[in-house]
Amino acid sequence: MDGDLSPQDKKDLDKFIKFFALKTVQVIVQARLGEKICTRSSSSPTGSDWFNLAIKDIPEVTHEAKKALAGQLPGIGRSMCVEISLKTSEGDSMELETWCLEMNEKCDKDIKVSYTVYNRLSVLLKSLLAITRVTPAYKLSRKQGHDYVILYRIYFGEVQLGGLGEGFQTVRVGVVGTPVGTVTLSCAYRTNLAFMSSRQFERSAPIMGIIVDHFVDAPCGNQRPITMGQPCNYRAPDEDDGGAFAGVQDSQEVCTTSFSTSPPSQLYASRLSYQPAPTGGAAEFNTNQVKEGGNVLVPAQPPHGADVHLTVENAPNTPSSSGDEDGLLQSGEGRRDDGRRSVSPSDPVESLNAFTRKVGAFVNKPNTQITAASLDLPFAAFAPRGLDSEENDPMVRPPDSPPSQSPLQASLHSQGSDGSGPQDDFVMVDFRPAFSKDDLLPMDLGTFYREFQNPPQLASLSLHTSSQSMADDLDSLPEKLRVYEKNIDEFDAFVDMLQ
Amino acid sequence: MNCRSEVLEVTVEARQVEEAMLALLHTILLHRSTGKFHYKKEGTYSIGTVGTQDIDCDFIDFTFVRVSSEELDRVIRKAVSEFKDALSSDGMGQISLEFYQKKKSRWPFSDECIPWEVWSIKVSVVNLANEQERQICREKVGEKLGEKVINVVEVINRHEYLPKMPTQSEVDNVFDTSLKDVQPYLYKITYQITDSLGTSVSTTMRRLIKDTLAL
């Protein structure tokens, strides 16, 4: 078969397939870094942009890919696979998807290598760019950082799809026929995320529900290293310097925190929290995590996330008071609630009801004080809010250092008993709004906020009453007019008085 | 050669129309654009590099990839914006992206435009009553768009007819060479609005990009 190809064509084809494989890996891994990718078009050919596409090469990824290929090319029976998995801070991991670059025996002898094959491989890469943003792991990867990280693993040989769970789906990105076989690119992705959620519920580790920006000055300040290293994430290439990649070389660093069930809407951590920032603190923690050989992707990580996580893990082991444990458990429960709630993000009403049922438990807990001093994790008491990341706005959530005393609790209790509003998304305990002081005022900011957060619907807006009252009004009008006409003298006198 | 015709249907909220259309049109154009051609002597040419950009939608849980070209984005946005304005808040419409080739004719006849691929996106606009439904809609439309992207990719990867790579003198008959950083195949965008009676009130927009004149 190869005899039909000229040596030059064969050489070109091998080169194309090799670089196609390397670029495929780059596209997939970069799409799971957790950041938006942006590269510039250039009208003048640079000569180094394979397939006429501006796809940057992260050196570490190229290195891993070449290591996996070990000098071979994807061929018949020898597929190159990129496995994307998710790993939580507790060490649970789960395969999310496997991208396979395969070759089958179907040859297209008549196709022109240097021209048609090349262009079609270019189109296939574009398709890969588009499809990598569409599979479920993309959204997960964009929200990685606080609770979990995304890992990649490249292997060569037979495709292994067993780790994807039952009911995994496959999407074919495309095929390109060549004289030596047909190149096929496809992705098999997990659809069943359920097992992670049940494992999660067994744990009681609290999960930070706060946007990490708030850690900037205080409570964990002492845990965070003063000097941070280079961001180990691949920056979106607004700056075209290779310096960005140097950082990536140290890319075994990633912030892992507990995984929160079914992802996208649940993760409170909005994109706000993924500002590129030094993650030196994360480094120590995470290299430990990466022992088992998964290559850790390097998302943009706020450093605090790592530290937060460190403290989170430690805290359950070192409760200094029962109150602390309660707080942890509560937030854990709250977390679970949110987890449960968000398992069906498309059914918020149901999940809200589930949530509401839990509210009673929180309200009954008498002492939920957590001091910043005793617990390294100041926000442990706050369960994360789920449905809408805008609701997790910092202005609502930041920590309040002194432990709250009964007035707040009392007012919250009373809130809880009558107000377990079905429309209430917030946990009804330990609600400490920004800048509020827990003094002895019966009504403080938190209570005020809580009370007026879900005002009852205006009577006039309610259809029944308004139409009814309208009808009543109309009916009573003639009578009212009669009365007024009778008393017209009085009205006139009153008006005169005013003048 | 017959013209390939593909239809995509989406149902969105009014505020999602723009992003949904941009997502699909840009996905198609990503595959139908190359780098700028630079012809050398001896009839060979080299091709520039196409950059890509991830765009997050604000009203839809979706991210799409488009070609990094502000000029092209402006043109597409303008077309989508006109389409969106013409669509009523609960109407239906269709926006079409047509790729064509020009065939030069002798004077006095003007050049023929021969379409070789037409993508029609049918849009139904719905109104939602409350925030809860809107949240659900965000996610559902995101999933739907994902499916549409997969459809687009599937069609394109069949590698069916594409115009032959042109010589230098013919390049303007196949590609739009007016942009400075990328070179999509010649295309035009038209739209139609269906009024509530279901009849088609045709508002055809002439091609948006400047093309070399026929005569």
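Within every chain, numbering begins at 1; the chains are lettered A, B, ... in the order of the sequence lines, protein sequences first and strands thereafter.
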Heavy-atom pairs under 4.5 Å with chain A, option from E154(B), M165(B), R32(B) with the top count | M165(B)
Ignoring hydrogens and angles, tell me if any N or O in the side chain of S68(B) forms a donor-acceptor pair with the backbone of T39(A) under 3.5 Å.
-> yes
Is a donor on one side and an acceptor on the other found under 3.5 Å between the side chain of N52(A) and the backbone of V50(B)?
-> no
Would you indicate whether K148(B), at its atom NZ, is surrounded by more than 12 heavy atoms from other residues, nucleotides or ligands within a distance under 6.0 Å?
-> yes
Taking C-beta and beyond as the side chain, do I131(A) and I150(B) meet within less than 4.5 Å on heavy atoms?
-> yes
Part of H159(B) lying under 4.5 Å from any heavy atom of chain A = both
Indicate yes or no: does K139(A) engage D61(B) in a salt bridge with an N to O separation below 4.0 Å.
-> no
Do Y118(A) and I47(B) have side-chain heavy atoms sitting under 4.5 Å apart?
-> no
Kindly compute the distance separating CZ (R142(A)) from CG (D56(B)), expressed to the nearest 0.5 Å.
-> 4.0 Å
Under 4.5 Å from a heavy atom of chain B, the part of Y115(A) involved | side chain
Residue of the set Q30(A), K36(A), E35(A) for which side-chain contact (heavy atoms from CB on, under 4.5 Å) holds with D54(B) = K36(A)
Which is it for D181(B) and S41(A) under the side chain to side chain donor-acceptor pair (under 3.5 Å) test, yes or no, and what are the steps along the way?
-> CA-CA 6 Å; D181(B) 45 10; S41(A) 302; 5.0 Å; no
Who wins among V134(A), V171(A), T116(A), V176(A) for the most heavy-atom pairs under 4.5 Å with chain B?
-> V134(A)
Are S44(A) and H38(B) linked by a side-chain donor-acceptor pair shorter than 3.5 Å?
-> no
For the atom pair CD1 (I55(A)) and OG1 (T49(B)), what is the distance rounded to the nearest 0.5 Å?
-> 10.5 Å
Counting N and O atoms only, with roles assigned by atom type, does the side chain of K126(A) sit under 3.5 Å from a partner on the main chain of T52(B), one being a donor and the other an acceptor?
-> no
